[in-house]
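Here the structure comes first, spelled out in structure tokens, and everything after it is commentary.
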Amino acid sequence: MRLSRFFLPTLKEDPKEAQIVSHRLMLRAGMIQQSSAGIYSWLPLGYRVLKKIEQIVREEQNKAGALEILMPTIQPADLWRESGRYDDYGKEMLRITDRHERDMLYGPTNEEQVTDIFRSHVKSYKDLPLNLYHIQWKFRDEVRPRFGIMRGREFLMKDAYSFDLDYEGAKTAYNNMFVAYLKTFDRLGLKAIPLRADTGPIGGDLSHEFVVLADTGESEVFYHKDLLSLATPEKADYSSDELQEIVDMWTDYYAAADDMHDAENCPVAEGDLVSRRGIEVGHIFHFSDKYSKPFGASVAGPDGKDSIVSMGSYGIGVSRLVGGIIEASHDDDGIIWPDSVAPFDIGLINLKSGDEACDAACDEFYGKLTAAGADVLYDDTSGRAGEKFAKMDLIGLPWQATIGPRGVKSGMVEVKNRRSGEKQELDMDAALKLLVG
RNA sequence: CGGGGCGUAGCACAGCCUGGUAGUGCGCUCGCUUUGGGAGCGAGAGGUCGCAAGUUCGAAUCUUGCCGCCCCGACCA
């Protein structure tokens with residue numbers, strides 16, 4: 001992609017409304033534009049990142065055996081009256097009346113909707129276990145949206161829902177998602193820790209939050225120092241017992257959010273306890289028959305008798321992760337994207353656009369990178385060097401390749417790693433080898 | 001929902017107290033000079049001063065109401 005043909009409205013100065021670093025950088029890097037409080041448009045650069053994260057989440061859900069569906073954003077109130085949540089949910093739920101005076105709502109979550117789908121079609125234990133997920137926009141009318149995309153009112157979320165015959169099956173489904181989450185956050189380049197969580201209004205007895213570590217995170221977490229050295233599970237398939245072992249291994253270590261942490265009675269020795277800040281990006285629940293019972297979601301068991309299915313739900317804040325990743329990975333100059341979610345792989349800078357030799361060298365290098373399958377943002381604009389470097393640092397592509405009058409005669413390319421800052425002068429072939437293998 | 005703050009050009013702001021023809025920096029356009037870390041000079045374009053009512057000969061400025069946005073707290077993917 002040539003920058004001259006791209007839409008990248010970057011800002012040199014900090015917008016005043018943005019306090020936290022991810023919000024500031026997203027606005028400055030031209031990733032998003034606020035539409036109203038807590039509601040944003042995604043501009044090309046931001047949208048690319050959002051889509052990359054979404055795709056990784058999707059791939060890991062698919063690998064875990066979950067099936068993708070797509071449920072509507074607008075739901076009928078009657079469904080929520082069946083579970084009793086229409087009255088319980090309060091003002092955070094955006095309520096809408098259609099032209100026929102029917103009560104509708106913009107979904108803040110989809111337990112009712114998915115349980116309705118399940119009960120309409122699934123009648124036998126032979127169809128279990130089942131895990132349905134979707135990646136869809138949600139709306140919660142927060143009293144006070146803040147932190148940009150991290151705590152918006154409209155947000156993109158992956159939510160999965162598992163259905164099992166009994167508690168044992170549900171627990172395996174839960175463990176399966178637990179492990180899928182470890183793999184997902186690892187692929188996103190994040191350090192995530194599972195915290196035993198309060199189950200809150202949804203209820204249930206098995207629940208974990210996944211918190212991404214970032215110095216600027218919203219809440220404080222305490223955990224045993226060895227927790228982070230655990231290896232992320234790699235195998236494609238695990239048996240129920242293996243899943244349980246992995247979950248046990250991860251949850252044996254102490255980890256708690258500040259509201260659950262009791263310094264006086266903490267089981268971890270002071271020297272082994274680490275305190276850092278974090279951002280909640282995922283939440284998994286087992287909630288048994290909370291929805292299946294009022295909805296009459298039951299299946300015939302092997303004995304021919306109907307039994308209510310046991311459910312769980314598993315959320316990942318996809319849009320929030322964009323901010324979370326930036327919080328966890330940036331410096332004074334801008335964003336530092338992990339390779340897996342970077343909007344482009346490489347930024348190519350033509351230091352003297354309009355100069356015949358520079359243009360020719362850049363065009364050639366751009367062609368080779370692209371032919372090798374790299375996604376390249378090629379700054380072919382007529383801007384000044386400093387401006388180009390600063391902009392490239394700001395948008396945080398993992399690699400920068402610079403071609404300017406100084407090195408062009410000898411066919412040299414300067415390659416810089418955004419994260420380490422390390423620069424090296426290479427001839428075009430060596431640079432190509434480094435960047436695209 | 002309690003408390004606080006702010007709405008003036010695309011962005012950041014000054015002007016308001018003490019009413020009198022709307023300004024600065026960045027960005028944008030054109031020209032010249034520059035050219036390896038957000039350039040210099042010159043010339044331009046761009047604003048019903050959030051909206052409405054009121055006071056006044058005259059309102060960005062004073063008064064009232066409304067709307068929007070931000071921050072702190074309680075609450076949450």
Side-chain angles (χ1 to χ4, degrees), chain A residues 9-20 23-24 27-28 30 33-39 53 57 89-93 107-110 135-160 181 192 197-198 200-202 207-212 218-219 257 259 278-285 313-324 332-334 349-355 358 379 381-395 400 402-408 412-414 416 421 423 425:
Chain A
T10 57
L11 264 29
K12 196 158 130 184
E13 289 162 59
D14 285 334
K16 69 165 176 179
E17 73 268 20
Q19 294 301 307
I20 64 158
H23 190 195
R24 267 205 317 265
L27 289 169
R28 284 196 52 208
Q33 176 171 329
Q34 180 163 338
S35 168
S36 62
I39 302 179
I53 295 172
V57 170
Y89 218 91
K91 289 191 160 184
E92 288 205 340
M93 182 150 78
T109 177
N110 292 70
I135 299 174
Q136 177 64 293
W137 292 92
K138 310 281 192 292
F139 195 91
R140 290 184 198 166
D141 200 359
E142 297 277 349
V143 213
R144 193 189 152 205
R146 66 185 110 169
F147 305 150
I149 218 68
M150 298 246 290
R151 176 112 178 254
R153 292 193 291 173
E154 189 182 53
F155 55 96
L156 186 62
M157 185 171 162
K158 184 284 299 181
D159 41 328
Y181 275 35
D198 181 12
I202 295 183
S207 175
H208 286 88
E209 287 176 3
F210 285 79
V211 169
V212 161
E218 54 186 345
S219 58
D259 55 332
I279 299 158
E280 186 189 343
V281 291
H283 205 153
I284 60 178
F285 289 98
S313 83
Y314 316 91
I316 289 181
V318 175
S319 50
R320 168 179 273 203
L321 272 165
V322 180
D332 289 347
D333 296 324
I349 298 176
N350 183 343
L351 273 188
K352 195 167 182 180
S353 183
D355 176 90
C358 281
D379 187 347
T381 65
S382 58
R384 301 173 56 80
E387 184 185 335
K388 294 189 175 197
F389 288 132
K391 185 177 285 188
M392 213 48 99
D393 284 346
L394 174 63
I395 67 172
Q400 296 171 15
T402 302
I403 294 178
R406 214 163 66 187
V408 74
M412 299 302 270
V413 180
E414 181 186 278
K416 172 178 155 181
K423 297 176 190 170
E425 291 274 338

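These values consider heavy atoms only, across backbone and side chains, with no hydrogens, waters or symmetry-generated copies. Per chain, numbering begins at 1; letters A, B, ... match sequence-line order.
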Nearest to the side chain of [X], which nucleotide is it out of [options]?
| X | options | result |
| --- | --- | --- |
| A/R140 | B/rC6, B/rG38, B/rA77 | B/rA77 |
| A/P405 | B/rA12, B/rG36, B/rC69 | B/rG36 |
| A/R384 | B/rG36, B/rU34, B/rA77 | B/rU34 |
| A/K12 | B/rA39, B/rC70, B/rC1 | B/rA39 |
| A/K16 | B/rC6, B/rA77, B/rA74 | B/rC6 |
| A/R146 | B/rG36, B/rG37, B/rC72 | B/rC72 |
| A/V143 | B/rC70, B/rC1, B/rG25 | B/rC1 |
| A/D393 | B/rC75, B/rG37, B/rG25 | B/rG37 |
| A/E387 | B/rG37, B/rG38, B/rC70 | B/rG38 |
| A/E142 | B/rC76, B/rA74, B/rC69 | B/rC76 |

Would you classify [X] as touching base, sugar-phosphate or nothing, given that sugar-phosphate means primed atoms plus P, OP1 and OP2, and contacts are heavy atoms under 4.0 Å?
| X | value |
| --- | --- |
| A/R28 | base |
| A/G315 | nothing |
| A/V318 | nothing |
| A/G152 | base |
| A/K352 | nothing |
| A/K158 | nothing |
| A/E414 | base |
| A/I316 | nothing |
| A/D14 | sugar-phosphate |
| A/G407 | base |
| A/A390 | base |

Could you please name the partner base of [N], counting Watson-Crick and G-U wobble pairs only when both distances are under 3.5 Å?
| N | value |
| --- | --- |
| B/rU55 | none |
| B/rG46 | none |
| B/rC13 | B/rG23 |
| B/rG7 | B/rC67 |
| B/rU61 | none |
| B/rC75 | none |
| B/rA39 | B/rU33 |

Given side chains that start at C-beta, do those of A/K158 and A/V57 come closer than 4.5 Å, heavy atoms only?
->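 Yes - at least one pair of side-chain heavy atoms lies under 4.5 Å apart.
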Hey, are the side chains of A/P108 and A/Y89 touching, using non-hydrogen atoms and a 4.5 Å cut-off?
->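 A/P108 vs A/Y89: side chains touch.
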Any carboxylate oxygen within less than 4.0 angstrom of a Lys/Arg side-chain nitrogen, looking at [X] and [Y]?
| X | Y | result |
| --- | --- | --- |
| A/K416 | A/D393 | yes |
| A/K138 | A/E154 | no |
| A/E218 | A/R320 | yes |

Is A/F389 stacked on the base of B/rG38, meaning ring centres closer than 5.5 Å and planes within 30 degrees of each other?
->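 No; centroid distance or tilt outside limits.
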Has the side chain of A/R28 got a donor or acceptor atom that lies under 3.5 Å from a matching backbone atom of A/L11?
->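 Judged by distance alone, yes, a pair lies under 3.5 Å.
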